[in-house]
Amino acid sequence: MAELTARMGNLGLGDSVHAGGAPNNASGQRAAYIPPHLRAKMQAQHASASGAAAQHAAPPINAANSSIGNSRWASAPTPAESHIQRQPNGWAAAPTFTPSNNWENPEPRPQRSMDNQGYNGGGYGRTAPGEGTWRDGKHVPGPPNPRLERELFGTANDPSKQTTGINFEKYDDIPVEASGTDVPEAVIAFTSPPLDPHLLTNIELAHYKQPTPVQKYSIPIVANGRDLMACAQTGSGKTGGFLFPILSQAFKQGPSLLPAGQNQGFGRKKAHPTSLILAPTRELVSQIYDEARKFAYRSWVKPCVVYGGADITSQLRLIERGCDLLVATPGRLVDLIERGRISLANIKYLILDEADRMLDMGFEPQIRRIVEGEDMPGVHSRQTLMFSATFPRDIQMLARDFLKDYIFLSVGRVGSTSENITQKVEYVEDQDKRSVLLDILQAHQGGLTLIFVETKRMADNLSEFLLNQKFPATSIHGDRTQRERERALEMFRTGRCPVLVATAVAARGLDIPNVTHVVNYDLPTDIDDYVHRIGRTGRAGNVGISTAFFNRGNRGVVRELIDLLKEANQEVPAFLESIARESGGMGGGRGGRGGGGGRGRGQSGAKDFRRYGGGSGGLGGSGGGFGGPPNSSFSGPGGYGGGSYSGGSAGYGGGNGSNGGYGNGGNGGYGNPASWW
DNA sequence: AAAAAAT
């Protein structure tokens with residue numbers, strides 16, 4: 001424990017806590033708390049005041065309130081921000097760069113024999129406006145299409161189309177760690193060394209100016225043919241992290257030739273995409289597809305999307321027009337493979353977004369089926385990229401099955417939540433949650449508020465309650481129809497329903513500008529879910545607030561929550577510390593997963609398990625140290641994870657130190673998770 | 001125990 005304390009001290013974290021139970025809102029002037037039994041009267045007043053409803057009406061979303069490409073809600077843009085600094089036209093004037101591998105000189109691709117008209121994405125129709133071709137070994141971008149351009153990139157008046165902002169200069173301070181063999185040097189700009197020129201024009205249209213840290217590394221890593229496991233904090237540009245390099249390569253190299261014997265398209269309608277992106281929810285898949293359309297604009301690359309709950313015939317039509325880059329949820333993809341409409345034989349890039357989620361118990365069999373059970377090229381014949389904000393140790397071990405000699409990239413603080421998010425935790429008993437929520441919504445006007453609950457039923461109940469309270473709320477969860485889900489998201493995005501009650505379906509990856517507040521009405525039992533949830537705000541360099549309702553029912557995550565708050569330089573309420581003490585060392589509730597970290601959450605966000613107490617185990621003796629029972633909050637191979645934090649000696653390793661920097665000191669971290677209660 | 005993902 002002394003070591004843990006010392007570590008915290010090293011981080012320069014103060015002990016400052018504030019008293020629980022007297023919470024403040026963002027502006028520090030929340031209305032006095034009204035107990036539930038008095039609430040009815042207040043409601044009556046509230047409802048009768050017609051002005052109150054108007055007060056909660058959709059906040060204004062207009063040009064005056066958001067600068068182009070930098071859709072900041074709370075703070076008005078400065079004049080400087082409202083004028084996009086265009087990149088100079090001299091892309092080509094970028095400094096020279098000596099490629100360590102195949103950067104500048106991509107292997108020339110054989111042209112398709114059938115290709116008299118030029119490759120148009122393997123489709124059967126003509127090239128549509130806004131699409132390009134590959135002809136005579138050259139990329140021939142299509143002509144600009146103003147209407148499509150507006151649809152894809154939005155306008156100044158439509159911030160709901162503006163996704164990630166451009167406050168990337170703030171990212172320069174973010175620590176980046178890359179481990180693995182022969183890590184390529186990071187790029188310093190999109191133009192240095194340059195991405196494909198056509199991609200640069202699209203990046204410019206999207207108002208991206210600088211690569212984020214994860215992009216600076218992922219671009220050369222992919223260009224050098226390496227596999228990647230990237231752990232980057234929420235809102236730090238992971239989507240661009242894989243889209244930019246794979247599209248740049250595609251634009252430079254052109255379509256790959258199908259292996260002999262495969263049908264080339266005439267006759268049977270079977271798509272052979274070269275890139276496959278898998279993600280855990282339909283909405284996230286849809287969002288990635290929208291991004292892919294932007295950056296593939298006017299190019300020969302045709303992006304496609306498939307997911308369940310939506311009309312399959314329109315998805316099939318899209319595929320038939322040509323399918324080079326496919327974004328999919330697992331179930332629908334398997335369906336289409338079984339129908340013989342998609343082949344994975346031509347895959348060069350496999351991307352798992354939210355990879356830890358894709359490889360957890362619920363999804364892993366489907367992923368294994370797609371990656372190992374179909375006609376996907378083997379691990380050595382493709383490039384595999386995995387991205388997430390969190391990457392628990394055991395999932396990292398699982399992920400090895402799909403990767404070859406990969407580079408592990410860690411972007412951001414150890415805990416991987418952004419410091420742009422102000423995290424609050426309030427002590428609220430279950431029966432008081434509605435009241436406190438109303439107070440919060442009352443006080444927090446002018447942005448979008450995303451409220452997370454644990455169950456679909458609760459999502460329905462709570463959104464109905466809020467509607468009755470005249471808050472324009474809606475809900476999203478897996479029991480709603482896809483149409484309802486998409487409508488709810490759209491209402492939320494556009495601000496017509498600035499309050500969205502959501503289950504875990506909305507926890508990951510969704511990039512919704514202007515979400516200024518995330519409320520964990522119910523805390524998740526997995527702290528990584530908390531990390532992803534609050535990551536819906538404070539994106540792309542903007543700031544956000546998160547509020548969690550905590551009571552003794554959540555003591556299972558108290559230790560991990562405290563650690564997380566400390567790591568993110570947030571205040572830790574006194575009641576959390578005391579509940580943690582009450583719960584003693586048994587607070588963890590799930591010693592298993594965190595193993596490597598020894599603090600329960602196991603530095604799930606940011607440590608390459610190969611370096612920090614990883615390996616295939618076996619080295620070193622028993623856990624020792626803090627090992628204790630599997631569900632102890634100090635479980636695992638002891639202290640700071642068997643491995644050394646700084647290499648060399650046992651470091652923080654606790655344990656018995658016998659295995660120095662490697663080996664996990666036995667299996668302590670893999671005890672069965674404690675029961676749920 | 002819950003959510004998500006094919007029909």
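Every chain is numbered from 1, with letters handed out A, B, ... down the list of sequences. Predicted model, so just to flag it, every value in this text is computed and none were measured.
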| remark: Rounded to the nearest 0.5 Å, the CD1 atom of I527(A) sits from the CZ atom of R533(A) at a distance of 10.0 Å
| query | Rounded to whole angstroms, how far apart are CG on L284(A) and C1' on dA4(B)? | reply | 12 Å
| request: For dA6(B), take OP1 and OP2 only and decide whether either is under 4.0 Å from a side-chain N or O of T329(A). | output: yes
| query | Is the distance from OP1 or OP2 of dA4(B) to the nearest side-chain N or O of R485(A) less than 4.0 Å? | reply | no
| query | How is G308(A) classified with respect to the nucleic acid when contacts are heavy atoms under 4.0 Å: base, sugar-phosphate, or nothing? | reply | sugar-phosphate
| query | Any ion pair linking D401(A) and R368(A) (charged N to carboxylate O, less than 4.0 Å)? | reply | yes
| query | What is the distance from CG of L352(A) to P of dA4(B), rounded to the nearest Å? | reply | 20 Å
| Distance, rounded to the nearest Å, where R369(A) contributes CZ and dA6(B) contributes P | 13 Å
| field | Euclidean distance, atom CE of residue M458(A) to atom C1' of dA1(B) [Å, nearest integer] | value | 14 Å
| said: So, does R282(A) get its side chain near the phosphate of dA5(B), meaning an N or O under 4.0 Å from OP1 or OP2? | reply: yes
| request: Mind checking V505(A) for me? I need base, sugar-phosphate or nothing, with any heavy atom below 4.0 Å counting as a touch. | output: sugar-phosphate
| Does the distance from a Lys or Arg side-chain N to an Asp or Glu carboxylate O, for R539(A) and D511(A), drop under 4.0 Å? | yes
| Spacing between F363(A) atom CZ and dA2(B) atom C1', to the nearest angstrom | 13 Å
| Residues K302(A) and D324(A) bridged, charged N to O under 4.0 Å | no
| field | Between P of dA2(B) and CG of D522(A), the distance in whole Å | value | 12 Å
| query | Between T525(A) and dA2(B), is there a side-chain N or O to OP1/OP2 distance below 4.0 Å? | reply | no
| task | Could you tell me the separation between the CG atom of L523(A) and the P atom of dA3(B), rounded to a whole number of Å? | result | 16 Å
| Closest to side chain of D335(A), choosing from dA5(B), dA2(B), dA6(B) | dA6(B)
| task | Report, as yes or no, whether the 6.0 Å neighbourhood of atom CD on E464(A) holds more than 12 heavy atoms from other residues, nucleotides or ligands. | result | no
| message | What is the distance, to the nearest angstrom, from the CZ atom on R533(A) to the C1' atom on dA3(B)? | response | 10 Å
